[in-house]
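Data first, discussion second: the structure below is written as structure tokens.
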Amino acid sequence: MTTSHSFTRHDITFPSGDSTCAGWLYLPTGVASPPVVVLGHGLGATREMRLDAFAERFAQAGIAAVAFTYRHFGDSGGHPRQLLSIKRQLADWDAALAYVKARPDVDRSRVAVWGSSFGGGHAITVAARHPELRAAVAQCPFTDGLASALALGPLASLRMIPVLARDLATRVRGRAPAMVPIAAAPGSPALMNAPDALPGYQALQPPGTTFRNEVAARVIPTIAAYRPGRAAKKVTMPILFCVSDTDSVTPPAQTLRYADTAPRGEIKRYGAGHFDFYTGETFEELVRDQLEFLARQLHPAPAASTP
């Protein structure tokens, strides 16, 4: 016997700022006005990189899902390409929520946000700004730019200064941005160069992926200054923190300190690494924990048993 909902996936776009975001809408079949969770990804990543796996499980549990790609990346709009702007990405979250709340086929009073890695940090920020949300999930969240920069190492950080200077010069001259790798081998200049970073990103890319392993270097100082974990104390709804105890990218000690400040925070800890969260047994464990949490907060309709 099975007790999961079937679902349909729809290609969607919604306006954000001066352009549009592309996404997928997952609707559980035969469920009138289901709750909905909005999913956003990590640093430079696109929704094809396993957001669909989580969204499918949520839809099977009777929870509609919107997985979107930020402007300037993948098949979303925005120029120049590969521009990682924290301000614009947070505006994309707001636009995704506005899109969801305008749809008549979901319950706009039962909305949650789900973010992973850099998107996990955004989920904390967005939840603090939107008290009307029912719940939030922050998976292996980026919570403190300074802590992540220290994890990268001072030498690797110094090696990015020349490309940062070049990109700032191209911006002044109106030319195409100078790029820095998102993930690279240890010791190489990149936003992430932990041993598992490059293979971790490569493992998430399906055939025909829209992912490009580079971003405009001008983002470097803004990432270092971004500390979304500080907003955890302002998150009034239940929020689940899924933390990797061996995280090489978003140091867990600082994340756990921030998570402890959330008034209705719940913490789940895992022995797997940052990039292990998306596949295999760790994914199964995570999605079970997240579904248990979301079911408590969103109260989806149970699936009918079928032989």
Would you be so kind as to tabulate the donor-acceptor pairs closer than 3.5 Å made by side chains of residues 296-303, with sequence neighbours excluded?
from: Arg296; atom 1: NE; to: Glu292; atom 2: OE1; distance (Å): 3.4
from: Arg296; atom 1: NE; to: Glu292; atom 2: OE2; distance (Å): 2.7
from: Arg296; atom 1: NH1; to: Glu266; atom 2: OE2; distance (Å): 3.0
from: Arg296; atom 1: NH2; to: Glu266; atom 2: OE1; distance (Å): 2.8
from: Arg296; atom 1: NH2; to: Glu292; atom 2: OE1; distance (Å): 3.1
from: His299; atom 1: NE2; to: Arg296; atom 2: O; distance (Å): 3.3

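With contacts defined as side-chain heavy-atom distances shorter than 4.5 Å, the pair Ile267/Asp260 qualifies. Side-chain contact between Phe58 and Gln290 is present, with heavy atoms from C-beta onward closer than 4.5 Å. Looking only at side-chain heavy atoms (C-beta outward), Trp114 and Cys242 stay at 4.5 Å or farther from each other. Within the 4.5 Å cutoff, the side chain of Arg57 has heavy atoms near those of the Phe283 side chain. Residues Phe118 and Gln89 form a side-chain contact, since some pair of their non-hydrogen atoms from C-beta on lies under 4.5 Å apart. Put simply, the side chain of His130 does not reach to within 4.5 Å of the side chain of Trp93, judged on heavy atoms. A heavy-atom distance below 4.5 Å is not found between the side chains of Leu84 and Tyr70. Looking at heavy atoms from C-beta onward, Val126 lies in side-chain contact with Leu90 at the 4.5 angstrom threshold.
Pairing each heavy atom of Leu51 with each of Ala67, the nearest pair is CB-CB, 4.1 Å. Looking at every heavy atom in both residues, Ala59 comes nearest to Pro28 through O-CB, 3.4 Å. Pro141 and Gly121 make their closest contact through CB-N, 4.0 Å (heavy atoms, listed as atom of the first residue, atom of the second, distance). For Leu291 against Ala61, the heavy-atom pair with the smallest separation is CD2-CB, 3.5 Å. The two residues Val235 and Ala127 make their nearest non-hydrogen contact at CG1-CB, 3.9 Å. Contact record, Ala185 with Leu198: N-CD2, 4.2 Å, taken as the closest heavy-atom pair.
In summary, the aromatic rings of Tyr26 and His5 are positioned with their centroids too far apart to meet the 6.0 Å limit. Aromatic pair Tyr99/Phe68: ring centres not closer than 6.0 Å. Proximity of the aromatic rings of Phe241 and Tyr258 is defined here by a centroid distance below 6.0 angstrom, and this criterion is not met. Checked against a 6.0 Å centroid threshold, the rings of Phe142 and His274 do not count as neighbours.
Salt-bridge formation is not detected for the pair Arg269/Asp289: no Lys NZ or Arg NE/NH1/NH2 atom is positioned less than 4.0 Å from an Asp or Glu carboxylate oxygen. With respect to Arg81 and Glu214, no salt bridge is recorded, no charged nitrogen being found less than 4.0 Å from a carboxylate O. Using a 4.0 Å cut-off between charged nitrogen and carboxylate oxygen, Asp75 and Arg47 count as a salt-bridge pair.
Residues Phe54 and Phe7 fall into different hydrophobic clusters, defined by Ile, Leu, Val, Met, Phe, Trp and Tyr side chains chained together at heavy-atom separations under 4.5 Å. In this structure, Leu168 is a member of the same hydrophobic cluster as Val180, with clusters built from ILVMFWY side-chain heavy atoms closer than 4.5 Å. Hydrophobic clustering of Ile, Leu, Val, Met, Phe, Trp and Tyr side chains at less than 4.5 Å, counting indirect connections, unites Val100 with Met237. Val111 and Val31 fall into different hydrophobic clusters, defined by Ile, Leu, Val, Met, Phe, Trp and Tyr side-chain heavy atoms under 4.5 Å apart, directly or through other members. Met179 and Ile223 sit in two unconnected hydrophobic clusters of ILVMFWY residues. Membership requires side-chain heavy atoms under 4.5 Å apart, directly or through other members.
In terms of modelled atom types and a separation under 3.5 Å, the side chain of Thr29 and the main chain of Ser6 share a donor-acceptor contact. A donor-acceptor pair is defined here as one N or O able to donate and one able to accept, closer than 3.5 Å; no such pair exists between the side chain of Arg166 and the backbone of Ala178. No donor-acceptor pair under 3.5 Å is formed between the side chain of His41 and the backbone N or O of Gly119. Between the side chain of Arg71 and the backbone N or O of Arg88 there is at least one donor-acceptor pair closer than 3.5 Å. With hydrogens and angles disregarded, a donor-acceptor distance shorter than 3.5 Å links the side chain of Asn213 to the backbone of Ile182. Between the side chain of Thr282 and the backbone N or O of Phe277, no donor-acceptor pair lies under 3.5 Å. Distance alone, capped at 3.5 Å, places no donor-acceptor pair between the Asp247 side chain and the Pro252 backbone. Under a 3.5 Å cut-off, the side chain of Ser148 and the backbone N or O of Thr250 do not form any donor-acceptor pair. In this structure, the side chain of Thr125 does not engage the main chain of Pro228 through any donor-acceptor pair within 3.5 Å.
Summarising the geometry, atom CG belonging to Leu25 is positioned 7.0 Å from atom OG1 belonging to Thr8; distances are rounded to the nearest 0.5 Å. Here the straight-line distance linking atom OG1 of Thr261 with atom NZ of Lys233 works out to 6.5 Å at 0.5 Å rounding. Taking OG1 of Thr46 as the start and CZ of Phe211 as the end, the distance is 7.5 Å to the nearest 0.5 Å. Summarising the geometry, atom CD belonging to Glu284 is positioned 9.0 Å from atom CD belonging to Glu281; distances are rounded to the nearest 0.5 Å. Rounded to the nearest 0.5 Å, atoms NZ (Lys268) and CD (Glu285) are 8.5 Å apart. Between the CG atom of Asp92 and the OG1 atom of Thr20 there is a distance of 9.5 Å, given to the nearest 0.5 Å.
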Working note: Thr209 + Leu204, criterion side chain to side chain contact (heavy atoms under 4.5 Å, CB included); need CA distance, chi angles, decisive distance, verdict.
CA-CA 9 Å; Thr209 182; Leu204 301 183; over 6 Å; no
Let's go through Thr170 and Arg218 carefully: what are the C-alpha distance in whole Å and the side-chain angles of both, what is the deciding distance for side chain to side chain contact (heavy atoms under 4.5 Å, CB included) to 0.1 Å, and is it a yes or a no?
CA-CA 10 Å; Thr170 65; Arg218 67 195 65 169; 4.0 Å; yes
What verdict does the side chain to side chain contact (heavy atoms under 4.5 Å, CB included) test give for Tyr270 and Gln139, after you've listed the backbone C-alpha separation in whole Å, the side-chain angles of each residue and the deciding distance to 0.1 Å?
CA-CA 11 Å; Tyr270 305 86; Gln139 174 175 290; over 6 Å; no
Steps toward side chain to side chain contact (heavy atoms under 4.5 Å, CB included) verdict (Tyr226, His122):
CA-CA 10 Å; Tyr226 187 39; His122 289 337; 2.9 Å; yes
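Counting heavy-atom neighbours within 6.0 Å of Arg212 CZ, excluding the residue itself, gives a total above 12.
For the residue pair Thr143 and Thr255, a side-chain donor N or O sits within less than 3.5 Å of a side-chain acceptor on the partner. Side chain to side chain, Ser248 and Asp196 meet the donor-acceptor criterion of an N or O pair below 3.5 Å.
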